[in-house]
Amino acid sequence: TDYYVFNLTYDDNVFVMSGGTLHVHQSQGKGGIFIASTEGNYDVTGGTVILEIDDNEDFPITSRAPFWNVILRRTSATVKEFILKEGVDVGASDIDLPAQPLIALNDLTIEDNAILNANGTDVKVGRNFDLKTNGTYTAAANTTWFIGNQNSNIYARNNSVPAPLKFYNVNISKEQTFSPGTYRTVSIGNTGRSTDPNNVNNPAIEIQNNLIITKGEFNSYRDRKSVV
């Protein structure tokens with residue numbers, strides 16, 4: 001097939017989402033979601049995009065447009081990935097589009113058994129990054145950004161292992177609050193993890209390369225974090 005399951009092939013295609021739910025169930029070989037719309041041709045202010053693997057195919061994602069909330073879900077017994085990758089020969093005109101950052105302007109949730117393979121492509125989150133107990137985030141050599149005008153929490157919910165959530169680079173680039181000189185924060189969310197710094201399972205996240213705070217604050221509270 002020439003098309004992704006949800007497919008906007010051309011630069012001037014329009015994608016507008018202000019609420020509701022867009023649920024894409026599988027990729028059917030070519031890919032799951034492809035949006036080539038350029039800036040000015042998309043407007044996202046709300047809604048939830050649920051991307052689901054319920055077959056035995058990987059689920060490529062290639063989108064210039066951001067989303068509001070993104071939920072990644074795998075209900076198939078076959079271990080397959082959501083992967084950020086280029087789109088090649090898409091549509092009747094054989095459009096090519098390089099791999100695009102996955103942007104959740106509000107929350108990004110990786111559910112149990114789901115795997116997000118960023119494949120070295122950036123991921124940007126406006127509010128919460130929620131990795132469920134048996135979810136997996138494979139960053140490769142990318143940067144995970146925390147952006148926007150909301151406080152963010154990072155939830156790594158598997159409390160039985162150290163640092164179940166591994167980033168490569170993290171860049172915090174938040175907006176100011178209503179108080180001049182005060183910026184929005186990024187915090188390690190409370191999942192019931194041990195707060196004893198001597199407990200091997202205390203670290204919730206590992207940053208394998210650089211932590212960059214461009215604008216904002218980073219709060220780890222009593223959790224250790226590993227920057228290697």
Decide whether [X] and [Y] are clustered together by the hydrophobic rule: side chain heavy atoms of Ile, Leu, Val, Met, Phe, Trp, Tyr closer than 4.5 Å, transitively.
| X | Y | value |
| --- | --- | --- |
| Ile110 | Ile83 | no |
| Val161 | Tyr155 | no |
| Ile103 | Phe6 | yes |

Does the [X] side chain pair with the main chain of [Y], one donor and one acceptor, at a distance under 3.5 Å?
| X | Y | result |
| --- | --- | --- |
| Asn119 | Leu84 | yes |
| Thr21 | His23 | no |
| Asp112 | Thr133 | yes |
| Tyr4 | Thr9 | no |
| Asn169 | Asn210 | yes |
| Ser187 | Gly189 | no |

Taking it one step at a time, do Leu102 and Leu116 satisfy side chain to side chain contact (heavy atoms under 4.5 Å, CB included)? CA-CA 10 Å; Leu102 175 62; Leu116 172 56; 4.1 Å; yes
Look at the aromatic rings of Phe129 and Phe167 and report parallel, tilted or perpendicular, splitting at 30° and 60°.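 If you compare the ring of Phe129 with that of Phe167, the planes turn out perpendicular.
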Below 30° counts as parallel, above 60° as perpendicular, anything between as tilted: where do the rings of Phe15 and Phe67 land?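 Ring orientation, 0 to 90° scale: perpendicular.
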Validation row: [X], [Y] side chains within 4.5 angstrom (heavy atoms):
| X | Y | value |
| --- | --- | --- |
| Glu111 | Glu52 | no |
| Lys174 | Phe146 | yes |
| Asn201 | Asn159 | no |
| Asp11 | Arg64 | yes |
| Thr143 | Ile212 | no |
| Tyr137 | Val123 | yes |
| Val5 | His25 | no |
| Ile61 | Ile33 | yes |

Evaluate side chain to side chain contact (heavy atoms under 4.5 Å, CB included) for Thr62 paired with Glu86, printing each intermediate quantity in order. CA-CA 6 Å; Thr62 314; Glu86 71 279 3; 5.8 Å; no
Run the side chain to side chain donor-acceptor pair (under 3.5 Å) check on Ser93 and Tyr10 step by step: do they pass? CA-CA 9 Å; Ser93 302; Tyr10 301 108; 2.9 Å; yes
Interatomic spacing from [atom1] in [X] to [atom2] in [Y] - rounded to 0.5 Å:
| X | Y | atom1 | atom2 | result |
| --- | --- | --- | --- | --- |
| Leu165 | Thr144 | CG | OG1 | 8.0 Å |
| Gln100 | Phe34 | CD | CZ | 8.5 Å |
| Thr75 | Asp54 | OG1 | CG | 4.5 Å |

Using a strict 4.0 Å threshold on nitrogen-to-oxygen distance, state whether [X] and [Y] make a salt bridge.
| X | Y | result |
| --- | --- | --- |
| Lys215 | Glu175 | yes |
| Arg157 | Asp130 | yes |
| Arg127 | Asp107 | yes |
| Lys80 | Asp55 | no |

Arg74 and Val79: side chain to side chain contact (heavy atoms under 4.5 Å, CB included), yes or no, with the steps? CA-CA 8 Å; Arg74 178 171 72 84; Val79 179; 4.1 Å; yes
Applying side chain to side chain contact (heavy atoms under 4.5 Å, CB included), run through Asp58 and Lys85 and close with a yes or a no. CA-CA 11 Å; Asp58 286 331; Lys85 63 183 298 186; over 6 Å; no
